[in-house]
Amino acid sequence: MCCIWPMSDSLFTKIIQGEITSYKIHEDDLTFTFLNINQTNRGSILIIPKLQIDNFYDLPDADYQAIFHTAKLLSPVLKQAFGSARVGLVIEGFEVPHAHIKLFPLNTANDITNSNILMPSAEEMTEIQNKILEIL
């Protein structure tokens, strides 16, 4: 594969390893999910494979399927936790060279733009995390 970095290079790998604090939502053998610190909408989460590969389409099939399975598992949880009309999914991956999915609770198509970024306090992030975990 063309795009595998040493495990210590990715910010997300450091989050998985506990070197950087995160607001964890879910973890299984192949994926790790946590709140996005740049909350586009309250409840925005990141789903990452534990395998550090830049592009999602370069992931082995099991890891690819696992991140989408996690998205399917958590989407109704986000919808219920935040009373949203829908849950949006984005893969763009410009910020960190580690494949990831962004899930957003949505009420309109405009809810998924970067112009909506919120910067919640640690207390607000814990509140958002707990709201999701109560349903999960």
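Values below: every heavy atom of this structure, side chains too, minus hydrogens, waters and symmetry copies.
- Closest of all the heavy-atom pairs between Val96 and Ser10 is CG1-OG, 4.0 Å.
- Shown here are the side-chain hydrogen bond (donor to acceptor under 3.5 Å, both in side chains) partners of Thr33, two or more places apart in sequence or in another chain: there are none.
- Listed by chain and number, the residues in a ring-ring contact (aromatic ring centres under 6.0 Å, His included) with His100 are Phe12 (sequence neighbours excluded).
- Sequence neighbours left out, not one pair with a member in residues 69-78 passes salt bridge (charged side-chain N to carboxylate O under 4.0 Å, His left out).
- Residues passing the ring-ring contact (aromatic ring centres under 6.0 Å, His included) test with Tyr64 are Phe68, sequence neighbours excluded.
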Could you pull out every donor-acceptor pair under 3.5 Å between side chains of residues 77-86 and any protein atom, sequence neighbours left out?
| unit_1 | atom_1 | unit_2 | atom_2 | d |
| --- | --- | --- | --- | --- |
| Ser84 | OG | Arg86 | O | 3.0 |

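- Scored by the salt bridge (charged side-chain N to carboxylate O under 4.0 Å, His left out) test, Glu124 finds no partners at all (sequence neighbours excluded).
- The backbone N or O of Leu59 sits nowhere less than 3.5 Å from a side-chain atom of Asp63 that would complete a donor-acceptor pair.
- Distance NE2/His98 to CG/Leu46: 10.5 Å, rounded to 0.5 Å.
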Residue pair Asn41, Leu106: steps toward the side-chain contact (heavy atoms from CB on, under 4.5 Å) verdict: CA-CA 8 Å; Asn41 299 338; Leu106 302 173; 3.6 Å; yes
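- Hydrophobic clustering (side-chain heavy atoms under 4.5 Å, transitive across Ile, Leu, Val, Met, Phe, Trp, Tyr) keeps Phe34 apart from Leu30.
- In this structure, the side chain of Gln39 engages the main chain of Ser44 through a donor-acceptor pair within 3.5 Å.
- At least one side-chain heavy atom of Leu35 sits less than 4.5 Å from a side-chain heavy atom of Ile25.
- Counting heavy atoms from C-beta on, the side chains of Phe32 and Pro49 never come closer than 4.5 Å.
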